J.: 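Sharing a structure, written as structure tokens. Questions coming.
Hydrogens, waters and symmetry mates play no part in the numbers below; they use all other heavy atoms, side chains included. Model, not experiment: these values are computed from the prediction. Numbers restart at 1 for each chain; the letters A, B, ... are given by sequence-line order, proteins then strands.
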Amino acid sequence: MPAAPQFKSEFLRNFAERGAYYDCSGPEELDALFQKERVTAYIGFDCTADSLHVGSLVQLMTLRRLQQAGHKPILLMGGGTTKAGDPSGKDEARQLLSNEQIEANKQSILSGIRHLLKFGDGPSDAILVDNAEWLDKLEWIAFLRDVGRHFSVNRMLTMESVKLRLDREQPLSFLEFNYSIMQAYDFVELYKRYGCRLQSSGSDQWGNVVSGIDLGHRLANVQLYGLTTPLITTASGAKMGKTAAGAVWLNAARVTPYDYWQFWRNTEDRDVGRFLRLFTDLLLAEIGRLEALQGAELNEAKKTLATEATAILHGRANADAAAETARRAFEEGATAAGLPTIVAMLPEGVLNLAVAAGLASSNSEARKLIANGGLKLNDVVVSDPKLAVAVSALNADGVLKLSAGKKKHVLVKPA
RNA sequence: GGGGGAGUGUCCCGAGUGGCAAAGGGGGCGGACUGUAAAUCCGCUGACUACGUCUUCGUUGGUUCGAGUCCAACCUCCCCCA
């Protein structure tokens, strides 16, 4: 990672101090620009799923901090680029999505991150743009002549996203090959439409960002800038945001505020300070105090991290509720009402209950869980896979608690 | 267009001689130890009406009592020659 320069502008200084800085195309000039005027900057996301996940959070936080510093963020939804599919980091082409699906994904993604940014007409309010607006209308020959001639296939072949696919001997369609051209074109188009001078992205998009800057010179005779964030990994080297259940999604429909809170609560010791800086709005002085905590005391910092990060995404009320549920469940050992809950007909076999509760994905897995002593019913280890859970197992609150391991608890209510 | 090589457990990498639910890693899950951490150790890691049954090795057929393993065609990728 390049060393972060000493920035003078409020935004870049804060950005770097928080560990979000990876690289920049023209650090001094951009720093000067940030001091001089309100900068319009964008980050793009494709609509390949109905939710973004934690891997995109650094980028979203970049927009948030831009806005906090009084600049103008553009959230670019890739309604057009999604139709091509970004080959970066993927072994094979994504299945093509229908236009309806893309549109639905776009709406869903937006609803999931509405707490992160303030949209509107104010000077530093975020605006939402969809690149389908211009990409859909392009004409093949005209586009090739105006834009395509500025791209060297030789160089495109050396781009990381393309090379990976070729090295792995996986097919790369011409459609996907064009992705980086579209992204470069987006940048210039956003400059023309909104005066957007900066594209921020993850470091894996560097090649595409640079292509856009280059295209800016050629098509609009303007100096554009790129600013990238590092790929966030955990201290043990794993890519962040991959857990048991798969990706940590931002939409509450996929990952509830409670589970999201738990994700942050389970941060490794060594990551606490770094994550507090990256993913919360807490002041650096306060973060310094929190990360200095030693041993088990660090758990307090993790709770703060969990609550603050959850509040940014899901709102303060949901974050506090998640914290309280966790406190009751883990610190009092109570069957906190806020735990995930399912409704089931009793009596029912434990295997079916475990599956219904999402604690196992199949009966076989539930059996294995039991065989390993990992399934508990009201905090008592279940040893018999044939156990039929009857109404008599309900506790005083009229529910029963089913647990897989020490951390996953689900309440079962009788139908 | 011709010649050669490759595609393995739907997370990844990867052994595999006709008897294979298929070696070994990584990852993941569970257990022990802890602090809802890391590291370490142990177990599990295709499904089901479960001492048995069913489905898996690019696709589709074929040979065989029996096929991931042999044959044919097709799909995809890599290399060499044109």
Side-chain angles (χ1 to χ4, degrees), chain A residues 53 87 89-95 157 162-174 176 233-248 258-276 290-291 293-307 310 322-334 336 338-340 348-352 354-355 357-377 379 381-388 401-409:
Chain A
H53 51 76
K90 299 190 184 53
D91 271 359
E92 36 189 87
R94 288 178 173 278
Q95 208 178 348
L157 285 174
V162 171
K163 220 165 62 117
L164 174 88
R165 194 73 74 77
L166 297 180
D167 287 349
R168 291 186 144 226
E169 306 184 356
Q170 297 295 330
L172 174 75
S173 71
F174 184 66
E176 299 170 275
T233 54
T234 67
S236 348
K239 193 186 259 184
M240 198 189 115
K242 297 277 185 188
T243 66
V248 177
Y258 170 77
D259 286 331
Y260 191 74
W261 193 94
Q262 284 296 326
F263 165 73
W264 292 105
R265 174 63 183 81
N266 284 298
T267 297
E268 291 180 34
D269 284 9
R270 291 175 292 173
D271 289 327
V272 173
R274 192 160 55 103
F275 286 2
L276 278 167
L290 286 169
E291 72 177 330
L293 295 172
Q294 293 298 315
E297 289 188 337
L298 202 50
N299 283 332
E300 291 309 312
K302 292 184 188 180
K303 289 179 205 167
T304 303
L305 168 63
T307 302
T310 304
E324 175 59 12
T325 298
R327 191 186 66 76
R328 299 242 301 275
F330 285 90
E331 293 174 26
E332 293 181 5
L339 291 171
E348 177 63 279
V350 257
L351 296 178
N352 289 339
V355 173
L359 297 175
S361 62
S362 67
N363 276 10
S364 295
E365 202 172 287
R367 280 171 197 274
K368 286 164 191 160
L369 194 59
I370 291 173
N372 282 319
L375 189 72
K376 294 199 195 77
L377 178 63
D379 298 316
V381 173
V382 175
S383 55
D384 178 14
K386 292 200 184 94
L387 177 70
K401 183 167 76 170
L402 202 58
S403 315
K406 281 169 294 197
K407 299 182 192 172
K408 284 176 288 190
H409 309 287

J.: Going by side chain to side chain contact (heavy atoms under 4.5 Å, CB included), A/L375 matches just one of A/V381, A/L387, A/I370. Which one?
T.: A/I370

J.: A/T325 and side chain to side chain contact (heavy atoms under 4.5 Å, CB included): which partner among A/F330, A/W261, A/Y258?
T.: A/Y258

J.: Identify the nucleotide, in any strand shown, that forms a Watson-Crick or G-U wobble pair with B/U55, with both distances under 3.5 Å; if there is none, say none.
T.: none

J.: Looking at B/C44, B/U36, B/G35, which one has an atom nearest to any side-chain atom of A/D269?
T.: B/G35

J.: To the nearest Å, how far apart are A/K376 NZ and B/U36 P?
T.: 13 Å

J.: In whole Å, what is the span from the CZ atom of A/F263 to the P atom of B/A37?
T.: 14 Å

J.: Based on the glycosidic angle (syn within 90° of 0, else anti), state the conformation of B/C79.
T.: anti

J.: Mind checking side-chain hydrogen bond (donor to acceptor under 3.5 Å, both in side chains) for A/E331 and listing every partner two or more places apart, or none if nothing turns up?
T.: A/K303

J.: For A/W264, answer base if it contacts any base atom (sugar-phosphate contacts may also be present), sugar-phosphate if it contacts only those atoms, and nothing otherwise; contact means non-hydrogen atoms under 4.0 Å.
T.: nothing

J.: For a quick check, tell me whether the side chain of A/K408 and the base of B/U36 share a donor-acceptor pair closer than 3.5 Å.
T.: no

J.: Quick one: A/R265 CZ to B/G35 C1', roughly how many Å, whole number?
T.: 8 Å

J.: Could you tell me which residues satisfy salt bridge (Lys or Arg N to Asp or Glu O under 4.0 Å) with A/D259, sequence neighbours excluded, listed by chain and number?
T.: none

J.: Using atom P in both nucleotides, what's the gap between B/U60 and B/U76 to the nearest angstrom?
T.: 16 Å

J.: Mind checking side-chain hydrogen bond (donor to acceptor under 3.5 Å, both in side chains) for A/S362 and listing every partner two or more places apart, or none if nothing turns up?
T.: none

J.: Please give the distance between the P atoms of B/G35 and B/C42 as a whole number of Å.
T.: 23 Å

J.: Could you tell me whether A/K368 and A/E365 have a side-chain N and a carboxylate O separated by less than 4.0 Å?
T.: no

J.: If you check the A/K406 side chain, which of B/A37, B/C33, B/U36 turns out closest?
T.: B/C33

J.: Which residues in residues 295-303 of chain A have a heavy atom closer than 4.0 Å to any atom of RNA chain B?
T.: A/G295, A/A296, A/N299, A/K302

J.: Nearest-Å distance, CG (A/D271) to P (B/U36)?
T.: 18 Å

J.: Within the sub-3.5 Å range, which N or O atoms of nucleotides 50-52 of chain B have a protein N or O partner, and how far apart are they?
T.:
unit_1 : atom_1 : unit_2 : atom_2 : d
B/A50  : N7     : A/R367 : NH2    : 3.3
B/A50  : N6     : A/S364 : OG     : 3.2
B/A50  : N6     : A/R367 : NE     : 2.7
B/A50  : N1     : A/R367 : NE     : 3.3

J.: Using the C1' atom in both, what is the distance from B/G27 to B/A72, to the nearest Å?
T.: 39 Å

J.: Would you mind reading off the distance between A/R270 atom CZ and B/A38 atom C1', rounded to a whole angstrom?
T.: 6 Å

J.: Could you pull out all residues at least two apart from A/R270 that satisfy side-chain hydrogen bond (donor to acceptor under 3.5 Å, both in side chains)?
T.: A/E268

J.: Measuring only the C1' atom in each nucleotide, how far is B/U45 from B/A21? A whole number of Å is fine.
T.: 13 Å

J.: State the pairing partner of B/A72; accept Watson-Crick or G-U wobble contacts with both distances under 3.5 Å, and report none otherwise.
T.: B/U60

J.: Would you kindly give the CG-to-P distance between A/N266 and B/C29, to the nearest whole Å?
T.: 10 Å

J.: With P as the reference atom in both, quote the distance from B/C12 to B/G52 in angstrom, rounded to an integer.
T.: 32 Å

J.: Given B/G31, is OP1 or OP2 found less than 4.0 Å from the side-chain N or O atoms of A/K407?
T.: no

J.: Relative to the 5' end of RNA chain B, which residue comes earlier, A/Q262 or A/G374, by the nucleotide with the nearest heavy atom?
T.: A/G374

J.: Report yes if a side-chain nitrogen or oxygen of A/S362 is closer than 4.0 Å to either non-bridging phosphate oxygen (OP1 or OP2) of B/G46; otherwise report no.
T.: no

J.: Output the rounded distance in Å from CG (A/N352) to C1' (B/U49).
T.: 11 Å

J.: Hey, is the side chain of A/K368 poking within less than 4.0 Å of OP1 or OP2 on B/G28, counting only N and O atoms?
T.: no

J.: Take atom C1' in B/G58 and the same atom in B/C65, then report the distance between them in whole Å.
T.: 28 Å

J.: Rounded to whole angstrom, note down the C1' distance from B/C44 over to B/U49.
T.: 23 Å

J.: Would you mind checking if A/D379 and A/K376 are paired as a salt bridge, meaning a charged N to carboxylate O distance below 4.0 Å?
T.: no

J.: Suppose we screen for ring-ring contact (aromatic ring centres under 6.0 Å, His included). Which residues come up paired with A/F275, at least two apart in sequence or across chains?
T.: A/W264, A/F279

J.: Would you mind pulling out the nucleotide paired to B/C77, Watson-Crick or G-U wobble, both distances under 3.5 Å?
T.: B/G5

J.: Residues in side-chain contact (heavy atoms from CB on, under 4.5 Å) with A/N266, at least two apart?
T.: A/Q262, A/K407

J.: Rounding to an integer number of Å, can you tell me how far A/E268 CD sits from B/U36 C1'?
T.: 13 Å

J.: So, using side-chain hydrogen bond (donor to acceptor under 3.5 Å, both in side chains) as the criterion, who are the partners of A/S403 when residues are at least two apart?
T.: A/H409

J.: Do A/L305 and A/L290 make a side-chain contact, defined as non-hydrogen atoms from C-beta onward lying under 4.5 Å apart?
T.: no

J.: Say we look at B/A47 and B/U59: how far apart would their C1' atoms be, to the nearest angstrom?
T.: 23 Å

J.: What does B/C11 pair with, Watson-Crick or G-U, if both distances are under 3.5 Å?
T.: B/G26

